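Presented below is the structure to which this report refers.
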Number of protein chains: 2
Amino acid sequence: MTAALELFAERGYDGTSVSQIAARAGVTEMTFFRHFPGKASVLVDDPYDPVIGVAIRRQPPGPDPISRAARGIRSAWQQLPQPSVEQVRTRLRIVAKTPTLRASIAGGTAATEAVITDALTSGGTSRREALIAAGAVMGALNTALLEWSLTDGDDLGKAIETALDLLEDRRG
Amino acid sequence: MTAALELFAERGYDGTSVSQIAARAGVTEMTFFRHFPGKASVLVDDPYDPVIGVAIRRQPPGPDPISRAARGIRSAWQQLPQPSVEQVRTRLRIVAKTPTLRASIAGGTAATEAVITDALTSGGTSRREALIAAGAVMGALNTALLEWSLTDGDDLGKAIETALDLLEDRRG
DNA sequence: CGCCAAATGTTAGCGACTAACATTCACTGT
DNA sequence: ACAGTGAATGTTAGTCGCTAACATTTGGCG
């Protein structure tokens, strides 16, 4: 993983091949694929889904599933151990600057969307509305995180807050 | 394109190779890639971006960029020539059932997101909020379209309406 | 010291995609 | 009718991500 991040920083994501990563790690291409399911997986690792699920369920149901999801994620974020901001930033920066990767995180968020959808439906929201709300929330969050990664010295928490406020606290 | 859609229906997206498509089309693999930038591009073709841009700009600015974007898209959708619903459905159905494709449409919506972002910022919204609003709207719409494609006999316009209403018409 | 299992290596192959170069095709002007 | 020209197509060869089948090493343990 260290080798990969170094090379991505040096030559960019598309500019570095898996065999180069393996070589710098003193290892074969094969053993790379035994540790990571794919080249993109070096940059993603998102174990937050369960926490998000219960946090959303704890929010009072209401007519607006988007707001409920947003409140749940805010609460989850606050109780989560804050990750190393600079590490998150370097990773996300690579994603933000690589179109193919931007696309592929959508695959990573699919699981989170499913968790949000389930949490919302358990509160009485129709499945269709829950799906849409989950899509909207994840769309907003992903965009906010990528944009944040490209700026300097800004607070990660504040970026998330901006996104959640915009989703939740409309016409205000 | 006809050959590709046939094969996707027969063997699934991942189960058909580009050379198979080319063969059925009576053509070489190379000339496939000269017509389509990639295998996924057979299923996507989204010339609506300019219309969306001007439609959003026409909406009165307000404190809530998400609502403005949603209203703009609703208006654009109403004045657009309605596409052949069944054709849209078969295409989207393939996308919905193929995880790798679901991810790759995110790449296709990047352009639309940029258009929405620009339209919103021209109305006084900050760049960060405009980006987030665009992400939320596209996330909701994509999810709604994919979910719609998997159902039978439902109205496409109604599915879009559900998404836009949820985004725009909060708390009630 | 020998044994077993996990980690790693080797080889071979598929599919998406690209580049460099050759070829055919359709159409134009003389 | 004919030569010429530019676009569309074919050919070949190669890179990269990724997988499968089988061999090899490695490390701990009785």
Side-chain angles (χ1 to χ4, degrees), chain A residues 1-46 90-111 142 146, chain B residues 1-47 90-111 146:
Chain A
M1 210 181 80
T2 311
L5 292 178
E6 285 174 14
L7 285 165
F8 291 165
E10 290 172 20
R11 321 200 229 269
Y13 180 83
D14 288 326
T16 96
S17 70
V18 172
S19 60
Q20 289 170 349
I21 299 173
R24 176 163 308 195
V27 138
T28 302
E29 195 179 326
M30 264 278 41
T31 96
F32 172 90
F33 284 111
R34 283 201 254 256
H35 287 290
F36 303 94
K39 187 182 169 187
S41 312
V42 184
L43 294 164
V44 220
D45 149 50
D46 186 3
T90 41
R91 276 174 163 75
L92 278 182
R93 221 185 278 251
I94 298 170
V95 177
K97 287 193 288 208
T98 311
T100 71
L101 271 178
R102 282 185 95 126
S104 92
I105 51 164
T109 61
N142 277 334
L146 291 180
Chain B
M1 209 180 80
T2 311
L5 293 178
E6 284 175 13
L7 285 167
F8 291 165
E10 290 172 20
R11 321 203 229 269
Y13 179 83
D14 288 327
T16 94
S17 69
V18 172
S19 59
Q20 289 169 350
I21 300 172
R24 178 165 305 196
V27 136
T28 302
E29 197 179 323
M30 263 279 37
T31 96
F32 172 90
F33 284 112
R34 284 200 252 256
H35 288 291
F36 303 94
K39 189 183 168 186
S41 312
V42 183
L43 294 165
V44 219
D45 150 48
D46 184 6
T90 43
R91 276 175 163 74
L92 278 182
R93 222 185 277 250
I94 299 170
V95 176
K97 286 193 289 207
T98 311
T100 71
L101 271 178
R102 280 184 97 125
S104 92
I105 51 163
T109 61
L146 290 180

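No experiment lies behind these values; they were computed from the predicted model shown. So that the names make sense, note that chain A is the first sequence line, chain B the second, and so on, each numbered from 1.
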Would you say a side-chain N or O of A:Thr31 is under 4.0 Å from OP1 or OP2 of C:dG9?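 Indeed, a polar side-chain atom of A:Thr31 lies that close.
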OP1 or OP2 of D:dT9 sitting under 4.0 Å from any side-chain N/O of B:His35?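 B:His35 to D:dT9 OP1/OP2: side-chain N or O found under 4.0 Å.
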With sugar-phosphate meaning primed atoms plus P, OP1 and OP2, does B:Thr16 contact a base, only sugar-phosphate, or nothing at under 4.0 Å between heavy atoms?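 B:Thr16: backbone/sugar contact only, no base atoms under 4.0 Å.
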B:Ser17 near the nucleic acid: base, sugar-phosphate alone, or nothing, with a heavy-atom cut-off under 4.0 Å?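 Counting heavy atoms under 4.0 Å across all strands, the contact made by B:Ser17 is with sugar-phosphate only.
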Rounded distance (Å) that lies between atom [atom2] of [N] and atom [atom1] of [X]:
X: B:Met30; N: D:dG14; atom1: CE; atom2: P; value: 16 Å
X: B:Arg34; N: C:dT18; atom1: CZ; atom2: C1'; value: 11 Å
X: B:Gln20; N: C:dC17; atom1: CD; atom2: P; value: 14 Å
X: B:Phe36; N: C:dT18; atom1: CZ; atom2: C1'; value: 18 Å
X: B:Glu29; N: D:dT11; atom1: CD; atom2: C1'; value: 12 Å
X: A:Lys39; N: D:dT19; atom1: NZ; atom2: P; value: 14 Å
X: A:Asp14; N: D:dG17; atom1: CG; atom2: P; value: 9 Å
X: A:Phe32; N: C:dT8; atom1: CZ; atom2: C1'; value: 15 Å

Given 3.5 Å as the limit, does a donor-acceptor pair link the side chain of [X] with the main chain of [Y], or not?
X: A:Gln20; Y: A:Ser17; value: yes
X: B:Thr98; Y: B:Val95; value: no
X: A:Thr31; Y: A:Val27; value: no
X: A:Lys97; Y: A:Tyr13; value: no

Listed nucleotide nearest any side-chain atom of A:Phe33, set D:dC16, C:dA16, D:dC18: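 The answer is D:dC18.
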